[in-house]
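Computed from a prediction, not measured in an experiment: that's the story for all the values here.
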Protein chains: 2
Amino acid sequence: MPPPTLEDIAKETRTSISTVSRVLSGGRAANRISAETRERVLAASKAMGYRPNLLARGLRTRKSHTVALLISDISNPYFGQLAALIEQRLHAQGYSLVLCNAAGDVERETEYLELLPQKAIDGLILVPVSRTKKSLMDVLPENMPLVVLDRPIPGISASVSSDHDHMAQILCDALERVGVKTVAIACGPQNIYTHRRRCELVSKRFKVIDTHEGRAQPETGRAAWQKFQSLRPDAIVCTNNFLAMGVMEEIREPDTCPIIAAFDEIPVMHLLPVPLVAIRQDIPRLAESCVEQLMVQLTGENMNPEPIALSSRVLTNRPFHLRHSFVRHSSR
Amino acid sequence: MPPPTLEDIAKETRTSISTVSRVLSGGRAANRISAETRERVLAASKAMGYRPNLLARGLRTRKSHTVALLISDISNPYFGQLAALIEQRLHAQGYSLVLCNAAGDVERETEYLELLPQKAIDGLILVPVSRTKKSLMDVLPENMPLVVLDRPIPGISASVSSDHDHMAQILCDALERVGVKTVAIACGPQNIYTHRRRCELVSKRFKVIDTHEGRAQPETGRAAWQKFQSLRPDAIVCTNNFLAMGVMEEIREPDTCPIIAAFDEIPVMHLLPVPLVAIRQDIPRLAESCVEQLMVQLTGENMNPEPIALSSRVLTNRPFHLRHSFVRHSSR
DNA sequence: TTGTATGCGTTATCAG
DNA sequence: CTGATAACGCATACAA
């Protein structure tokens with residue numbers, strides 16, 4: 001038995017399809033209907049288990065109450081958390097989320113961007129792999145609500161991310177404080193803003209004795225370690241947590257290894273026997289702000305929200321000074 | 001300027017809307033059209049940047065090429081990875097993914113299940129919080145393709161998960177091998193199959209001196225540690241990785257702590273200074289099999305696929321025997 | 001080989 | 001207050 005439609009209910013209640021529609025859509029239209037028939041329709045629709053067909057409604061209203069989240073790499077737990085929180089907030093606002101994953105690949109990102117307009121998306125949240133404003137505008141419908149997340153794209157104002165320069169600064173400050181002079185950098189792809197920018201800023205503060213670039217995955221961190229191991233930098237800076245995890249996977253003598261500095265958090269940091277400096281971004285607020293920015297566009301309140309840059313915190317796993325005086329310590 | 005429709009192209013090429021439809025739908029219908037007009041239509045549609053409106057198509061064909069993934073708790077990286085892989089494989093098959101997160105809450109799960117039929121979903125992949133076959137059938141459309149992931153639901157044959165009993169067995173074996181006699185269990189909600197079953201099986205093999213149950217989140221692990229700390233069990237068994245992470249967050253004296261045993265992996269395990277036993281499930285194959293099982297249903301090849309139970313591996317972070325003889329070791 | 005006409009389930013417009 | 005009726009964009013059975 002196919003799901004009941006407006007027509008079925010109309011037939012059942014001996015009214016018309018438009019009456020039923022008015023009753024069920026609620027709001028002002030429903031009040032212009034006699035209480036008697038309204039109750040009758042409501043009862044019937046509940047009894048028959050009516051569910052509006054959202055495709056049909058969307059076709060008619062040109063609103064799907066669906067937004068797409070196109071994310072550069074969702075296998076990274078940082079983005080996983082972000083996605084979870086975004087889904088939660090969107091759901092609370094009555095929106096569904098279609099999840100798209102570029103898997104770190106510009107081509108897949110492009111493919112998705114071209115696919116999206118077909119899917120009747122009301123809005124898009126984008127964590128870009130690599131985009132310019134133009135390459136976005138070319139492929140996206142006229143005034144599709146858009147918010148760029150985690151990484152700004154020059155020229156696009158609806159953007160939510162942590163303040164990357166500030167992040168880099170407090171990370172460098174922390175390293176400087178413990179006496180770091182030389183670093184090696186394990187870096188994700190330079191065409192991705194976050195990685196490029198972090199590299200750049202760290203390079204300004206320390207003497208970089210070597211750099212290893214590759215996909216923003218643990219494998220790259222592992223390779224980096226092999227390359228850096230013999231160079232004995234004061235610290236190894238990783239432009240994201242995946243790289244740091246890779247580096248750590250290769251560490252065999254934690255007591256004599258350089259400081260590992262990472263953008264994004266490292267789990268159970270306080271137990272790890274290597275000196276760690278990490279950045280904690282405010283993921284919940286990131287999610288909150290980005291959904292908020294999307295909503296003001298969706299409701300037409302404000303089509304050009306201001307960029308938002310949140311601040312972050314730096315974490316270390318215990319008091320330490322450079323590798324020579326690294327001390328075990330039992331409190332967090 | 002609104003996106004072009006079939007009608008626009010028909011007008012442009014001085015043909016009819018159905019001709020255009022036939023050409024663009026490709027396949028057999030397209031071959032029954034003269035090469036000349038076909039080229040003309042193709043050219044025009046490319047020039048005008050035509051994109052089929054998937055809502056309209058779906059309304060007509062009753063297929064949306066969209067499947068929903070309703071997951072019990074996507075903030076858990078284990079499920080995050082799973083989701084990423086599933087999305088990837090679905091995309092390869094031309095399907096989109098709408099992501100729904102129950103956040104460990106049965107009510108939210110129910111809410112989603114009731115919402116889904118409206119959304120014109122072709123199929124559903126469900127990681128249930130807590131469901132019986134009946135409670136599913138009541139709310140799901142007749143023969144909606146469904147595969148239950150990670151946790152079997154009695155009576156539902158389209159199901160993909162690791163072999164939970166085997167998992168528990170190899171975990172227990174590993175513990176027994178190092179001399180464990182007594183355990184304390186940090187456990188997720190008993191109404192969730194995985195947690196309940198793991199508890200049950202572990203209880204059969206060891207003397208359980210205490211149990212702490214709570215949400216399957218780190219906070220519960222933290223509380224469990226506080227409760228267990230003074231009891232000195234040989235091992236603390238955690239029914240998932242989140243609980244284990246919570247337990248570890250509280251550990252202050254890694255050298256004298258019990259063995260931590262966890263279902264699911266612990267990151268950078270080999271560096272952690274506590275004795276660890278963990279289970280690695282075959283996440284890629286889980287994703288692969290589950291999409292496969294869904295596809296055979298979507299294509300109508302086989303509406304009742306057999307349950308699949310994959311095997312897992314047990315990992316330890318280094319050679320050790322009970323807490324007394326715990327040794328540092330430099331190889332993985 | 002191609003065009004016409006109908007319907008998918010809704011919402012919205014326009015009469016009554 | 002309520003009921004026809006026309007879109008929305010597409011696929012398809014039926015004509016030609």
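Out of C:dT10, C:dG3, C:dC8, the shortest distance to the side chain of A:Y50 is found at C:dT10. Distances were taken from every side-chain heavy atom of B:R32 (C-beta onward) to each of D:dA11, C:dT1, D:dT5; the shortest belongs to C:dT1. Comparing C:dT1, C:dT10, D:dA11 by their closest approach to the side chain of A:N53 singles out C:dT10. Of the candidates D:dC10, D:dG9, C:dT11, the closest approach to any side-chain atom of A:R57 belongs to C:dT11.
The base of D:dG3 is paired with the side chain of A:S18 by a donor and an acceptor separated by under 3.5 Å.
B:L149 approaches B:L82 most closely through the heavy-atom pair CD2-CD2, 3.9 Å. Nearest heavy-atom pair across A:R131 and A:I153 is CB-CD1, 3.6 Å.
Applying the 4.0 Å criterion to OP1 and OP2 of C:dA12, one finds that A:R22 has every side-chain N and O outside that range. Contact check, A:S21 against C:dT11: a side-chain N or O comes under 4.0 Å of OP1 or OP2. Distances shown here put every side-chain N or O of A:T61 at or beyond 4.0 Å from the OP1 or OP2 atom of C:dT10. Here A:T19 does not reach the OP1 or OP2 of D:dT2: none of its side-chain N or O atoms lies under 4.0 Å away. The side chain of A:S25 places no N or O atom within less than 4.0 Å of a non-bridging phosphate oxygen (OP1 or OP2) of C:dT11. Contact check, B:T5 against D:dG9: no side-chain N or O comes under 4.0 Å of OP1 or OP2. For the OP1/OP2 pair of D:dG9 and a distance below 4.0 Å, the side-chain nitrogens and oxygens of A:R60 include no atom meeting the criterion. Residue B:T15 places none of its side-chain N or O atoms closer than 4.0 Å to OP1 or OP2 of C:dT2.
The NZ-P distance, from A:K11 to D:dT2, rounds to 20 Å in whole Å. The distance from atom CD of B:E36 to atom C1' of C:dT2 is 13 Å, rounded to the nearest whole Å. Taking atom NZ of residue A:K63 and atom P of nucleotide D:dC8, one finds them 16 Å apart after rounding to whole Å. Spacing between atom CG of A:L6 and atom P of C:dT11 amounts to 6 Å, rounded to whole angstrom units. Following rounding to the nearest Å, B:I33 (CD1) and C:dT2 (P) show an atom-to-atom distance of 5 Å. Note: CG (B:L55) to C1' (C:dT11) measures 14 Å, nearest angstrom. Rounded to whole angstrom, the span from the CG atom of B:L59 across to the C1' atom of C:dT10 amounts to 9 Å. The distance between atom CD1 of A:I17 and atom P of C:dG7, rounded to the nearest whole Å, is 13 Å.
Of the N and O atoms on the side chains of B:S34 and B:E36, not one donor lies less than 3.5 Å from an acceptor on the other residue. Inspection of the B:Q93 and B:H65 side chains reveals no N or O donor paired with an N or O acceptor under 3.5 Å. Side-chain contact, B:Q217 with B:D73: a donor N or O sits under 3.5 Å from an acceptor N or O. A donor-acceptor contact under 3.5 angstrom links the side chains of B:D150 and B:Y78, judged on distance only.
Where B:S16 and B:A56 meet DNA chain C, the nucleotide closest to each residue was compared, and B:S16 sits on the side nearer the 5' end. Each of B:N31 and A:P52 has a nearest nucleotide on DNA chain C; the 5'-most of these lies closest to B:N31.
Note on A:R51: only backbone sugar-phosphate atoms sit closer than 4.0 angstrom, heavy atoms only; bases stay farther off.
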